[in-house]
Amino acid sequence: MNNAEVAQVFEDIADLLEIKGEKVFKVIAYRRGAESIRSQGRDINAIWKEGKLEDIAGVGKAIAEKTDELLRTGKLEYYENLKHEIPIGLLDMLKVGDVGPKKAARFWKELDITSVEQLEAAAKSGELQELSGMGAKSEARILESIEALKRRQTGRMSIGVALPIAERLLGELRQHPMVKAAETAGSLRRLRETVGDLDLLVSTDHPEEVMQAFVELPIVGRVRSKGPVKTSVELIDGVRVQVWTHPSERFGTALQYATGSKDHNVRLRELALSMGLSLSDQAFKLDDGGEITVANEAEVYEKLGLPWIAPEMREDRGEIQAARNGDLPKLIEVKNLRGELHAHTTWSDGKNSIDEMVRAAMKEGHKYLAITDHSQSLGIANGLTVKRVEQQRKEIAKARKGLKAKFALLHGTEMEILADGSLDYADEVLARFDLVIASLHTSLRQPRKQVTARMLNAIRNPHVDIIAHPSGRLIGKREPADLDMDQILEAALEHGVILEINSNPERLDLNDIYARRAAEMGIPLAINTDAHRPEHLAFRSFGVGVARRAWVTSKQVVNCWTAARMQKWLKARG
DNA sequence: GCCGTTTTCGGCCCGACTGTTTTCAGTCG
């Protein structure tokens, strides 16, 4: 079992215990343990073999023992017993809005409902409102929520989809005369790879008017709840949006609160309490009943004796401790990037010519660009035969002549790692490229040993400079290859191979967890867009988001090097 | 169930909105 699978078991246990009515802190402990296991940059199996399970934050004796049983036998008796006791279909019911553990338990015990389908039927027949405490409105809300759940399908959307929608809504809000400021919050502001709902925060002294104007926007489909402080809607395409209002003098605590993550906020409040302060979205409350309002988010941290912590780091992954110790890294920024090392043209499956991509890269502010079209085996993408590589080399040489001295154009390739582990070009062909990227596009579902061996073979080839989108995942569409990442990272470090953070919001690969581990190990990283057209070059902000979530500084990213340093490094590698 | 710059026991973050139960529980974030 991998980290995600183990984490899922503990998340299910948390849900089941909650339905059972178990103490809430026990439930929270399982959730925290699950999240912690999920966000380890290392294979849980490796940690287990070293006997270091209890070193994981949030994993104590009980969860360690259960993890041990899971990894040893593939099963967990405690979990099986729970599932025997409580129908597993109730977990799906928790995904329905307005249905939590208490209601799910009652529907099951009092009406024998154990699935979303049965819940829908009961709501339609008016059965639900016969329960005490349930009325016609509650029943109608549940029906609406089931409909919404069907529309939503996957539940979370890519940050690449979410951010443009949020920007559009912010634009609308900022046009309102009574709005002083409007910002993103929640996982959107933390630049998580996927976003469940959009959290927006508005500074205003006229909350009722602003909320009214917001729910009247044509893009809003359904109002889930509406108050002056908090309003929750669903857009016509099913995207859920939550808007909070606060007066400007409380905007600092409000923005901090709404940005989360929940776990980060819990830690921060614990720290506040230890200093005799109670922190909420409203203010710091003092023991004597007084309060301190904060307009600026940085001041919230300042009051707690901390430097401001970038939103991307607020995941309770050690950032508060680092802040206390003065060890926060100076995170990379988009403006630190000097070049793009992964781009396609019409020579393979790109949509634009070499010249057009060069102009686009210059416009983006880059000082260098590597053209890295696909290799011969990727027929579907019009991969280049050795003969066409030579033709392309001539065109690139020609393009260089038209360039100002300040811009470097590199001739690279994105070479296939074939299903049998061999590489798509012979070494003497690879030697003539300025830059060689190797990547997996096919046979991603091979067993762990096989697919890992393919990748290791590529890393060990002296001509390979970068491994692109290592896992091959497409968020929400295709699972990552079952790579032994511990081995991959070790090999990359040993052979000085760069690992890519692919900035395409569908990929974001390496993800934040492995990027952090790679950076900690000292493996050089590249932030590339894999652009197939000029507009894609702007994806780099998403890649930088992943890097920032991974605590990465500009020193650890090769795209921050000057063109001269990059060329020197590549030449030295051969 | 986890954890320790108050603690190895006794805590564990805080508030808005909704529906319905005349005083609050449930859900959500």
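Quick note on labels: first sequence line is chain A, next is B, and so on, each numbered from 1. Computed from heavy atoms alone, side chains included, the values below leave out hydrogens, waters and symmetry copies. Not measured: the values here are computed from a predicted model.
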Inset, instruction - Starting from the 5' end of DNA chain B, give me the residue, A/K26 or A/G227, whose nearest nucleotide shows up first. - result: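 It is A/K26, whose closest nucleotide lies nearer the 5' terminus.
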
Inset, instruction - Please figure out whether A/G58 or A/R141 has its closest DNA chain B nucleotide nearer the 5' end. - result: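 Looking at the nearest nucleotide for each, A/G58 comes out on the 5' side.
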
Inset, instruction - Applying salt bridge (charged side-chain N to carboxylate O under 4.0 Å, His left out), run through A/E85 and A/K20 and close with a yes or a no. - result: CA-CA 9 Å; A/E85 202 177 330; A/K20 214 177 140 184; 3.4 Å; yes

Inset, instruction - Could you tell me which non-hydrogen atom of A/D484 sits nearest to which non-hydrogen atom of A/R448, and how far apart they are? - result: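 The pair with the smallest heavy-atom distance is CA-NH2, 3.6 Å.
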
Legend entry - Minimum-distance pair of heavy atoms, taken over all atoms of A/A182 and A/R174: O-NH2, 2.5 Å

Span that lies between the [atom1] atom of [M] and that of [N], in whole angstrom:
{"N": "B/dT8", "M": "B/dC14", "atom1": "C1'", "result": "28 Å"}
{"N": "B/dC28", "M": "B/dC13", "atom1": "C1'", "result": "15 Å"}
{"N": "B/dT20", "M": "B/dG26", "atom1": "C1'", "result": "12 Å"}

[X] side chain, from C-beta outward: closest of [options]:
{"X": "A/S225", "options": "B/dC17, B/dC14, B/dG1", "answer": "B/dC17"}
{"X": "A/K102", "options": "B/dG1, B/dT27, B/dA16", "answer": "B/dT27"}
{"X": "A/V229", "options": "B/dG1, B/dA16, B/dT20", "answer": "B/dA16"}
{"X": "A/D281", "options": "B/dG15, B/dT27, B/dC2", "answer": "B/dG15"}
{"X": "A/K230", "options": "B/dC13, B/dA16, B/dG1", "answer": "B/dA16"}
{"X": "A/S138", "options": "B/dT20, B/dA16, B/dC14", "answer": "B/dT20"}
{"X": "A/K137", "options": "B/dT20, B/dG15, B/dT18", "answer": "B/dT20"}
{"X": "A/E270", "options": "B/dG15, B/dT18, B/dC12", "answer": "B/dC12"}

Separation of [X] atom [atom1] from [N] atom [atom2], in whole Å?
{"X": "A/L273", "N": "B/dC14", "atom1": "CG", "atom2": "P", "result": "5 Å"}
{"X": "A/H246", "N": "B/dC14", "atom1": "NE2", "atom2": "P", "result": "16 Å"}
{"X": "A/L17", "N": "B/dG1", "atom1": "CG", "atom2": "C1'", "result": "10 Å"}
{"X": "A/R267", "N": "B/dT5", "atom1": "CZ", "atom2": "P", "result": "12 Å"}

Looking at every strand, decide which applies to [X] at a 4.0 Å heavy-atom threshold: base, sugar-phosphate, or nothing.
{"X": "A/A258", "value": "nothing"}
{"X": "A/V99", "value": "sugar-phosphate"}
{"X": "A/V59", "value": "sugar-phosphate"}
{"X": "A/K23", "value": "nothing"}
{"X": "A/L279", "value": "sugar-phosphate"}

[X] side chain near [N] phosphate (N/O to OP1/OP2, under 4.0 Å):
{"X": "A/S280", "N": "B/dC13", "result": "no"}
{"X": "A/K285", "N": "B/dG15", "result": "yes"}
{"X": "A/Q242", "N": "B/dC17", "result": "no"}

Inset, instruction - Considering only NZ, NE, NH1 and NH2 on the basic side and carboxylate oxygens on the acidic side, decide whether A/D281 and A/K230 come within less than 4.0 Å. - result: no

Inset, instruction - Before accepting this row, confirm whether a basic side-chain N of the pair A/E234/A/R222 lies closer than 4.0 Å to the acidic partner's carboxylate O. - result: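 A/R222 and A/E234: salt-bridged.
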
Inset, instruction - Tell me the partner of B/dT8, counting only Watson-Crick (N1-N3 plus N6-O4 or O6-N4) or G-U wobble (N1-O2 and O6-N3) with both under 3.5 Å; none if nothing fits. - result: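 Because no pair has both required distances under 3.5 Å, B/dT8 counts as unpaired.
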
Legend entry - Sole residue of A/D199, A/T259, A/T184 in side-chain hydrogen bond (donor to acceptor under 3.5 Å, both in side chains) with A/R189: A/T259

Inset, instruction - Confirm from the modelled atom types if A/Y257 and B/dG15 form a donor-acceptor pair under 3.5 Å, side chain to base only. - result: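 No such pair is found, so the answer is no.
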
Legend entry - Side chain A/N265, main chain A/L268, donor-acceptor under 3.5 Å: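 Absent.
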
